[in-house]
Amino acid sequence: SYAHAVRRVGEMLGRDPAELRMVLCHLGAGASLAAVDGGRSVDTTMGFTPLEGLVMATRSGTVDPGLVLWLVTEAGLAPEAVLEGLEHQSGLLGLSGTADMRDVVAEKGLAFDVYVHSVARHAGGLVASLGGLDALVFTGGVGENAPEVRAAVTDRLAYLGVALDPERNDKGGEGLVSPRDAKVPVLVVAAREDLEIARQTRALLE
């Protein structure tokens, strides 16, 4: 997803990705952020497993390891039950009773606020890893189709020079969603892992 998005951003902006410091937000049922500097990933929100990082549809995101130990040693839960809870019963589902972002956006309650906080907080950390920001990119099912999420996240990151054009943001589809004179362009890129798989397969075969 990120490899494809980096190339598409270069095409959309008419610039060499090697010149850009990007934070890419792949927001879907599973979600992560990546910091890409000069076309190379230098940081990510995921860890040993996809559980680390952002609050997701049913995954918890980062939690204190002490919580996991407490659930096993003090609460008496089996490790399998803890894993099931963190993987399949947490995140948006645990906060709101639904894993569907459309319902979460419509409600604009705790789950929405926690999700936006999680994305903005981690994005800010990745900007620190990059030492600056030249483009903010949204992709994935939520990143592409939830303008309310993009608006709330970019509002939290306005101090970085990030801004949206409301009309472009609400229009939908792939493209630039910030004003053309924005200090930091914001883009939506369609997630096309299939194209990236095909590209790498062809390169390998050749």
Side-chain angles (χ1 to χ4, degrees), residues 1-2 4-5 8 23-34 44-64 67-68 71 77 80-126 136-158 162 164-178 186-197:
S1 175
Y2 290 129
H4 172 74
R8 284 294 293 137
V23 169
L24 300 108
C25 310
H26 183 107
L27 307 180
S32 68
L33 308 184
T44 179
T45 56
M46 285 193 177
F48 178 68
T49 74
L51 267 177
E52 187 175 5
L54 305 179
V55 172
M56 306 180 209
T58 64
R59 293 184 180 123
S60 63
T62 298
V63 296
D64 182 351
L67 168 65
V68 178
L71 288 171
L77 294 181
E80 295 80 9
V82 175
L83 179 60
E84 172 67 18
L86 294 176
E87 284 272 9
H88 302 296
Q89 299 172 20
S90 298
L92 297 178
L93 179 63
L95 289 165
S96 68
T98 177
D100 192 323
M101 180 56 79
R102 292 169 294 187
D103 296 331
V104 171
V105 168
E107 185 177 324
K108 287 283 182 68
L110 175 64
F112 182 83
D113 292 341
V114 169
Y115 188 87
V116 169
H117 173 77
S118 177
V119 175
R121 174 173 175 253
H122 283 90
L126 294 188
L136 178 66
V137 184
F138 291 92
T139 189
V142 173
E144 295 171 44
N145 299 304
E148 299 90 347
V149 171
R150 294 195 298 266
V153 169
T154 53
D155 184 61
R156 292 284 297 272
L157 299 174
V162 171
L164 286 183
D165 179 308
E167 185 175 343
R168 288 179 180 168
N169 187 49
D170 292 341
K171 183 179 179 181
E174 197 176 55
L176 187 72
V177 292
S178 56
V186 182
L187 303 101
V188 174
V189 174
R192 293 299 307 269
E193 291 97 332
D194 56 337
L195 291 181
E196 182 60 24
I197 291 168

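Throughout, numbering of the chain's residues begins at 1 and tracks the sequence.
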Which heavy atom in G30 sits nearest to a heavy atom in M56, and how many Å separate them?
CA-SD, 3.9 Å
Let me confirm one number: the CG-CG distance from L164 to L157, rounded to the nearest 0.5 Å.
10.0 Å
Give, for atom CG of L77 and atom CG of L83, the distance between the pair rounded to the nearest 0.5 Å.
12.0 Å
Step by step, would you call S32 with Y2 a side-chain contact (heavy atoms from CB on, under 4.5 Å)?
CA-CA 10 Å; S32 68; Y2 290 129; 2.8 Å; yes
If a pair satisfies salt bridge (Lys or Arg N to Asp or Glu O under 4.0 Å) and one of its residues is in residues 89-107, list it, with sequence neighbours excluded.
D100-R102
H26 NE2 to L54 CG distance, which is reported to the nearest 0.5 Å:
10.5 Å
Could you tell me which residues satisfy salt bridge (Lys or Arg N to Asp or Glu O under 4.0 Å) with E87, sequence neighbours excluded, listed by chain and number?
R59
Is T139 close to S1 at the side-chain level, that is, under 4.5 Å between some pair of heavy atoms?
yes
Where is the tightest heavy-atom contact between V119 and L33, given as atom of each residue plus distance?
O-CD1, 3.6 Å
Run the numbers on V188 and R150 for side-chain contact (heavy atoms from CB on, under 4.5 Å), then give the verdict.
CA-CA 9 Å; V188 174; R150 294 195 298 266; 3.7 Å; yes
With sequence neighbours excluded, tell me which residues meet salt bridge (Lys or Arg N to Asp or Glu O under 4.0 Å) with D64.
none
Could you check whether T45 and H122, counting side-chain N and O atoms only, form a donor-acceptor pair closer than 3.5 Å?
no
When rounded to the nearest 0.5 Å, the distance separating CD of E84 from CD of Q89 is 5.0 Å
Can you give me the closest heavy-atom contact between A99 and L93, atom names plus distance?
N-CD1, 4.1 Å
Under the rule for side-chain contact (heavy atoms from CB on, under 4.5 Å), what residues qualify as partners of I197, not counting sequence neighbours?
T201
Side-chain donor-acceptor distances from residues 140-148 under 3.5 Å, at least two apart:
{"from": "E144", "atom 1": "OE2", "to": "G140", "atom 2": "N", "distance (Å)": "3.2"}
{"from": "E144", "atom 1": "OE2", "to": "A191", "atom 2": "N", "distance (Å)": "2.8"}
{"from": "N145", "atom 1": "ND2", "to": "G141", "atom 2": "O", "distance (Å)": "2.9"}

Nearest heavy-atom pair of L136 and C25: which atoms, and what distance?
CD1-SG, 3.9 Å
Looking only at heavy atoms, which two atoms of A111 and L92 are closest? And how far apart?
O-CD2, 3.9 Å
Less than 4.5 Å apart, any side-chain heavy atom of Y115 and any of L27?
yes
Please answer whether the main-chain N or O of A151 pairs with a side-chain N or O of T154 as donor and acceptor at a distance below 3.5 Å.
yes
Could you check V177 against F138 for side-chain contact (heavy atoms from CB on, under 4.5 Å), going step by step and ending with a plain yes or no?
CA-CA 10 Å; V177 292; F138 291 92; 5.6 Å; no
Could you tell me which residues satisfy side-chain contact (heavy atoms from CB on, under 4.5 Å) with S60, sequence neighbours excluded, listed by chain and number?
L51, V63, L86, S90
Supply the atom-to-atom distance L110 CG to H117 NE2, rounded to the nearest 0.5 angstrom.
11.5 Å
Out of curiosity, R192 CZ to E174 CD, how far, rounded to the nearest 0.5 Å?
9.5 Å
